[in-house]
Amino acid sequence: DLGITTKSDNQYLYVWINSLSKAEPKQNVSVTLYERGANRGNCRTDTDGFCQLPAISDKNSFDKSVLVAEEDSGDKSFLHFNETHIEGYS
């Protein structure tokens with residue numbers, strides 16, 4: 001039930017998590033960014049379903065990066081950047 005939306009710039013990866021069933025922001029979701037298998041950072045969403053992480057350090061790593069969102073209840077969602085990144089749009 002976790003939908004993930006991201007936007008990035010040179011410094012940060014901005015993350016929004018929403019409920020897919022209710023289309024409402026999800027608070028207190030743990031979000032982890034893995035780049036080439038290494039943990040790049042963690043954050044927890046606020047009341048707006050938002051948190052931010054360090055940007056992916058190497059734009060050539062998009063195809064080897066994944067974002068994992070997990071609620072305390074165990075509900076998980078994954079965003080594989082190799083399948084979702086559109087070049088020129090961040």
Side-chain angles (χ1 to χ4, degrees):
D1 190 41
L2 300 175
I4 303 172
T5 302
T6 64
K7 187 159 179 70
S8 65
D9 61 23
N10 291 333
Q11 291 186 309
Y12 297 105
L13 178 67
Y14 306 97
V15 181
W16 292 267
I17 307 292
N18 289 290
S19 164
L20 294 174
S21 62
K22 297 180 181 178
E24 296 174 346
K26 297 290 280 187
Q27 181 178 1
N28 206 31
V29 175
S30 174
V31 180
T32 305
L33 173 64
Y34 294 96
E35 181 179 345
R36 295 182 181 265
N39 183 329
R40 280 279 293 150
N42 304 321
C43 62
R44 281 207 175 260
T45 57
D46 62 15
T47 57
D48 295 321
F50 173 80
C51 68
Q52 68 185 37
L53 296 159
I56 294 174
S57 64
D58 178 1
K59 297 301 179 192
N60 294 322
S61 294
F62 270 106
D63 64 337
K64 297 170 185 70
S65 299
V66 64
L67 192 73
V68 179
E70 182 174 9
E71 287 188 291
D72 291 337
S73 67
D75 189 13
K76 291 182 184 177
S77 187
F78 305 88
L79 180 68
H80 298 272
F81 290 98
N82 64 328
E83 298 173 2
T84 60
H85 178 71
I86 301 172
E87 191 61 42
Y89 294 89
S90 350

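Residue numbers start at 1 and run along the sequence shown.
The CZ atom of Arg44 sits 12.0 Å away from the CD1 atom of Ile17 when rounded to the nearest 0.5 Å. Rounded to the nearest 0.5 Å, atoms CG (Leu2) and CG (Asn18) are 9.5 Å apart. With values rounded to the nearest 0.5 angstrom, Tyr34 atom OH is found 10.0 Å from Leu67 atom CG. Rounded to the nearest 0.5 angstrom, Asp46 CG and Asn28 CG are separated by 10.0 Å. Here the straight-line distance linking atom CD of Glu71 with atom CD of Gln27 works out to 11.0 Å at 0.5 Å rounding. Once rounded to the nearest 0.5 Å, the distance linking CZ of Phe50 with OG1 of Thr5 reads 12.0 Å.
Judged by distance alone, the side chain of Ser21 and the main-chain N or O of Asp1 form no donor-acceptor pair under 3.5 Å. A donor-acceptor pair is defined here as one N or O able to donate and one able to accept, closer than 3.5 Å; such a pair exists between the side chain of Glu35 and the backbone of Ser57.
Shortest non-hydrogen contact noted between Val29 and Ala69 is CG1-CB, 3.9 Å. Annotation for Pro25 and Gly49: closest pair CB-N, 3.6 Å, computed over non-hydrogen atoms. Of all the heavy atoms in Asn10 and Ala55, the pair that sits closest is O-CB, 3.7 Å.
Taking hydrophobic clusters as Ile, Leu, Val, Met, Phe, Trp and Tyr residues chained together by side-chain heavy-atom distances below 4.5 Å, Val68 does not share a cluster with Phe81. One hydrophobic cluster, built from ILVMFWY side chains closer than 4.5 Å, cannot hold both Trp16 and Val66; they sit in different ones. Note: the hydrophobic cluster containing Tyr14 does not contain Phe62 (ILVMFWY, side chain heavy atoms under 4.5 Å, direct or indirect links).
Asp58 has no carboxylate O lying under 4.0 Å from a charged side-chain N of Lys64, or vice versa, which leaves the two without a salt bridge.
Under the side-chain contact (heavy atoms from CB on, under 4.5 Å) test applied with Asn42, the options Leu33, Val31, Thr32 reduce to a single match, Thr32.
The 12-atom threshold is exceeded at CG of Asn39, counting heavy atoms of other residues, nucleotides or ligands nearer than 6.0 Å.
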